[in-house]
Number of protein chains: 2
Amino acid sequence: MISDNSVIKDIFKDLDFNDSEIKIIESVFKKLSIEKGTKLLNAGDLADRQYYILKGCLRAYHVDTHGKEHTVQFGIKDWWISDYTAFFSNEKAIMNIEAIQNSIIYSISKEGKDELYTKIPKIDKFFRIKLEKAFATFQKRILANLAQSAKERYIDFITTYPNIEKSVKNYHIASYLGITTESLSRIRKDLSK
Amino acid sequence: MISDNSVIKDIFKDLDFNDSEIKIIESVFKKLSIEKGTKLLNAGDLADRQYYILKGCLRAYHVDTHGKEHTVQFGIKDWWISDYTAFFSNEKAIMNIEAIQNSIIYSISKEGKDELYTKIPKIDKFFRIKLEKAFATFQKRILANLAQSAKERYIDFITTYPNIEKSVKNYHIASYLGITTESLSRIRKDLSK
DNA sequence: GGAATTTATTACCATACATCAATTTTATAA
DNA sequence: TTATAAAATTGATGTATGGTAATAAATTCC
């Protein structure tokens with residue numbers, strides 16, 4: 001009963017489902033192949049979708065009133081990405097999401113997810129645990145922003161995400177670390193000594 | 001069947017439970033009255049408990065290698081507090097949790113929570129939604145730290161938490177905003193003009 | 001209420017990072 | 001491969017916030 005579009009194997013690795021459950025799951029996920037530069041969400045739109053990244057790299061960023069970009073999240077293999085604030089509360093997005101590499105993703109709507117929660121109770125636990133991990137990651141990031149210098153945060157970044165570092169622009173990293181690209185450049189120079 | 005210790009009414013306002021469920025819930029929550037200054041968690045300890053705040057104010061903070069405190073979260077009425085990173089992954093805490101006012105809280109252990117999840121499925125959804133809201137709050141905070149000046153963050157803080165502002169020390173607020181108490185003092189002076 | 005302690009403010013100077021502008025390097029595309 | 005655009009680096013200077021130290025104000029406690 002597993003179709004060639006094996007969302008089950010990709011996303012729900014450790015869980016077992018019966019045929020009808022598989023049918024439901026496959027009906028709510030859309031597999032997409034997107035090109036580098038593709039925007040999946042624009043600020044102001046309704047953020048009614050969440051994305052699972054099978055391959056490639058995406059980023060979620062906010063553009064402030066001065067036109068400056070701030071990267072809130074990078075999404076790589078096996079991560080989920082969305083404007084969560086907007087997604088969870090059915091509000092307009094304040095973030096933009098774009099592919100910074102050619103990527104393969106699974107897309108699910110808020111309704112689709114609600115359908116999963118209702119019809120397949122064990123999915124609830126699956127997403128709760130994902131959310132707990134993401135929450136812990138965010139808590140660590142808040143702490144890093146409070147306690148560490150830009151250089152320390154950059155070192156942490158390249159150790160934690162050695163793969164991301166190769167595929168994203170420096171100005172993406174800078175906007176994630178909360179510094180300018182010039183400052184990042186100076187940090188890199190300093191570290192290369 | 002509702003005991004005088006009405007945790008159900010306090011925490012699970014909108015949910016209905018049968019007698020046996022109420023029994024389970026009341027068995028896993030401990031209601032505590034704690035004095036200002038009480039530490040509920042010390043860095044290095046196992047963070048195996050999560051707390052619901054019925055009354056009062058708590059804070060979760062990290063002490064970095066230079067001895068500086070960084071407040072990651074304030075907990076007020078109807079909020080939950082814990083070292084989530086440690087709690088979710090069964091690791092040693094890197095945070096401390098203390099009451100900064102006399103408070104009344106409900107305490108639940110990780111095992112207790114797991115018991116709830118297993119025996120009362122609808123609890124799963126309840127906590128998932130709480131977590132989604134907390135997650136959104138954290139996302140907003142990350143963005144604020146990236147995009148806003150200290151003064152802007154302080155203004156946001158006192159507008160968002162007018163009640164907290166009265167009950168916490170300025171150095172608690174400063175350590176939450178990621179600035180020194182001297183800088184906060186200057187910001188306050190500037191705003192009072 | 002007054003002494004002791006904690007917390008907040010202020011002044012002066014230091015520093016991390018930002019801004020602006022120019023230049024070099026790297027990537028893209030004809 | 002060369003032309004063009006995009007990205008990264010560098011230098012000079014500005015600014016927000018930090019550090020230190022002294023003082024003032026507010027709490028706490030006897």
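Convention: sequence-line order gives letters A, B, ...; per-chain numbering from 1.
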Please give the angle, rounded to 10 degrees, between the axes at the start and the end of the helix from C/dG1-D/dC30 to C/dA30-D/dT1, where five pairs define each axis.
60°
Outer limits of DNA chain C sitting under 4.0 Å from a non-hydrogen atom of chain A, read 5' to 3', are C/dC17 to C/dT28
Of the residues in residues 183-191 of chain A, which ones touch DNA chain C at a heavy-atom distance under 4.0 Å?
A/Ser183, A/Arg186
Using whole Å, what does the distance between atom C1' of nucleotide D/dA26 and atom NZ of B/Lys169 come to?
9 Å
Identify, with sequence neighbours excluded, every residue that meets side-chain contact (heavy atoms from CB on, under 4.5 Å) alongside B/Glu69.
B/Arg59, B/Tyr61, B/Val63
Any residue meeting salt bridge (charged side-chain N to carboxylate O under 4.0 Å, His left out) with A/Lys77, in chain and number order, not counting sequence neighbours:
none
Fit a plane to each ring of B/Phe135 and A/Phe135, take the angle between them on a 0 to 90° scale, and name the class: parallel (under 30°), tilted (30 to 60°) or perpendicular (over 60°).
tilted
Can you spot which of B/Lys30, B/Lys31, B/Arg49 makes a side chain to side chain donor-acceptor pair (under 3.5 Å) with B/Ser107?
B/Arg49
Does the side chain of A/Thr71 reach to within under 4.5 Å of the side chain of A/Val168, using non-hydrogen atoms?
no
Centroid-centroid under 6.0 Å between A/Phe74 and A/Tyr161 rings:
no
In whole Å, what is the span from the NE2 atom of A/His172 to the C1' atom of D/dA7?
11 Å
Using only side-chain N and O atoms of B/Asn170, determine if any of them is under 4.0 Å from OP1 or OP2 of D/dA26.
no
With sequence neighbours excluded, tell me which residues meet side-chain contact (heavy atoms from CB on, under 4.5 Å) with B/Thr85.
A/Ala136, A/Gln139, A/Lys140, B/Asp83
Can you sort out which residues in residues 145-154 of chain A have a heavy atom within less than 4.0 Å of DNA chain C? Ascending by number, please.
A/Ser149, A/Ala150
Return the residues of residues 57-74 of chain B meeting this criterion: a heavy atom under 4.0 Å from some atom of DNA chain C. Order them by number, or give none.
none
Just wondering, are more than 12 heavy atoms of other shown residues or ligands nearer than 6.0 Å to NZ in B/Lys133?
no
Indicate, with a heavy-atom threshold strictly under 4.0 Å, whether A/Thr180 touches base, sugar-phosphate, or nothing.
base
For A/Lys36 and D/dA7, give me the distance from atom NZ to atom C1', rounded to whole Å.
11 Å
Is the ring pair A/Phe29/A/Phe12 parallel, tilted or perpendicular, if the boundaries are 30 and 60 degrees?
perpendicular
Is any side-chain heavy atom of A/Ile142 closer than 4.5 Å to one of B/Ile142?
yes
Not counting sequence neighbours, which residues clear side-chain hydrogen bond (donor to acceptor under 3.5 Å, both in side chains) with B/Asp78? List them please.
B/Lys13, B/Tyr52
Whether B/Arg141 side chain and A/Phe138 backbone form a donor-acceptor pair below 3.5 Å
no
Once side-chain hydrogen bond (donor to acceptor under 3.5 Å, both in side chains) is applied, do any residues pair with B/Gln50, and if so which ones, sequence neighbours excluded?
B/Lys113
Could I get the full list of side-chain contact (heavy atoms from CB on, under 4.5 Å) partners for A/Asp190, not counting sequence neighbours?
A/Lys151, A/Lys193
Expressed in angstrom and rounded to an integer, what is the separation of A/Tyr171 atom OH from D/dA8 atom P?
7 Å
Using the test side-chain hydrogen bond (donor to acceptor under 3.5 Å, both in side chains), find all partners of B/Arg128 that sit at least two apart in sequence or belong to another chain.
A/Asp124, B/Glu132
Can you tell me if B/Lys39 has over 12 outside heavy atoms packed within less than 6.0 Å of its NZ?
yes
